[in-house]
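Before any comments, here is the structure.
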Amino acid sequence: MIQWRNESQLLNAVIRVLAPYCKLYRVNVIRMKTTDGRWLSTGVPAGYPDLAGRRRCDGRAVYIECKVKPNKPTPKQQAFIDEAIKDGCIAGVCYTPEDALRLVIPYTTDSLPETK
């Protein structure tokens, strides 16, 4: 199994492996300093997952928070995932592309394709 060095590599691998099954978008937040010295944050609220999109076969919403071990989701991230699941979405925390495949396509658990 590959040990992911950073979250960006993992996000790209998850998007690649799920491409046949999901249309996913990488969600970014930009934080910058204004000319007068204040910090400005734009994008989605705290807790929103790294990847959002839909499953191709049925259109269900998909939310994936990618983490490199030993990191864990923040309380706001976990709350978002829990609420999304309660509302009928596919949502979870993934540490590997295989985790993402299991999340999106549960019936492939026994025969996952090799990921790189």
Side-chain angles (χ1 to χ4, degrees):
M1 181 185 299
I2 295 173
Q3 177 63 38
W4 301 98
R5 282 183 258 144
N6 64 56
E7 200 171 278
S8 184
Q9 288 178 335
L10 177 57
L11 283 165
N12 291 334
V14 168
I15 290 169
R16 205 169 32 254
V17 77
L18 289 182
Y21 312 104
C22 297
K23 179 65 176 175
L24 293 173
Y25 300 92
R26 191 167 173 176
V27 179
N28 292 310
V29 174
I30 298 171
R31 191 162 190 255
M32 62 186 155
K33 206 170 195 177
T34 63
T35 54
D36 63 0
R38 294 176 296 122
W39 282 99
L40 175 67
S41 182
T42 65
V44 296
Y48 202 89
D50 298 313
L51 300 174
R54 68 187 185 296
R55 190 163 62 177
R56 294 183 192 279
C57 67
D58 59 6
R60 277 180 70 190
V62 175
Y63 298 103
I64 299 174
E65 180 61 39
C66 291
K67 291 291 181 189
V68 174
K69 286 189 177 183
N71 298 333
K72 295 185 188 269
T74 66
K76 287 184 179 184
Q77 289 169 334
Q78 192 59 57
F80 184 100
I81 290 166
D82 293 343
E83 185 175 347
I85 291 168
K86 187 180 110 195
D87 290 343
C89 302
I90 298 165
V93 179
C94 296
Y95 292 92
T96 67
E98 290 85 4
D99 289 346
L101 280 167
R102 286 185 191 95
L103 177 68
V104 172
I105 331 166
Y107 58 83
T108 63
T109 306
D110 295 331
S111 56
L112 292 176
E114 184 69 27
T115 60
K116 294 185 182 189

Legend entry - Ile30 atom CD1: more than 12 heavy-atom contacts under 6.0 Å: no

Legend entry - Candidate list Leu51, Asp50, Leu11, test side-chain contact (heavy atoms from CB on, under 4.5 Å), partner Leu24, passing option: Leu51

Legend entry - Closest non-hydrogen atom pair, Leu103 against Gly92: CD2-N, 3.7 Å

Legend entry - Atom pair CD1 (Ile105) and CZ (Arg55), whose distance is rounded to the nearest 0.5 Å: 8.5 Å

Would you mind writing out the side-chain donor-acceptor pairs for residues 76-83 within the sub-3.5 Å range, not counting sequence neighbours?
from: Gln77; atom 1: OE1; to: Lys67; atom 2: NZ; distance (Å): 3.3
from: Gln77; atom 1: OE1; to: Thr74; atom 2: N; distance (Å): 2.8
from: Gln77; atom 1: OE1; to: Thr74; atom 2: OG1; distance (Å): 3.4
from: Gln77; atom 1: NE2; to: Glu65; atom 2: OE2; distance (Å): 3.2
from: Gln78; atom 1: NE2; to: Asp82; atom 2: OD1; distance (Å): 2.9

Legend entry - Under 3.5 Å: donor-acceptor pair, side chain of Arg56, backbone of Ala19: yes

Inset, instruction - Measure across Val44 and Val27 and return the closest heavy-atom pair with its distance rounded to 0.1 Å. - result: CG2-CG1, 3.5 Å

Legend entry - ILVMFWY cluster, Leu101 and Val68 together (side-chain gap under 4.5 Å): yes

Inset, instruction - Measure across Tyr25 and Gly53 and return the closest heavy-atom pair with its distance rounded to 0.1 Å. - result: CD1-CA, 4.4 Å

Inset, instruction - Taking all heavy atoms of Cys94 and all of Leu10, pick out the closest pair and write down the distance. - result: O-CD2, 3.9 Å

Legend entry - Under 3.5 Å donor-acceptor, Tyr48 side chain and Val29 backbone: no

Inset, instruction - May I ask you to test the Ile64-Pro49 pair for a side-chain heavy-atom distance under 4.5 Å? - result: no

Inset, instruction - Check step by step if side chain to side chain donor-acceptor pair (under 3.5 Å) holds for Asn6 and Ser8. - result: CA-CA 6 Å; Asn6 64 56; Ser8 184; 4.5 Å; no

Legend entry - Reported CH2-to-CE distance for the pair Trp39 and Met32, which is rounded to 0.5 angstrom: 10.0 Å

Legend entry - Considering all heavy atoms, the nearest Val104-Cys22 contact: CG1-SG, 3.3 Å

Inset, instruction - Could you tell me whether the side chain of Thr42 reaches within less than 4.5 Å of the side chain of Leu40, counting heavy atoms only? - result: yes

Legend entry - Interatomic distance, Cys57 atom SG to Tyr21 atom OH [nearest 0.5 angstrom]: 10.5 Å

Legend entry - Cluster link Ile15 to Val93, ILVMFWY, side chain under 4.5 Å: no

Legend entry - Interatomic distance, Cys66 atom SG to Arg26 atom CZ [nearest 0.5 angstrom]: 9.0 Å

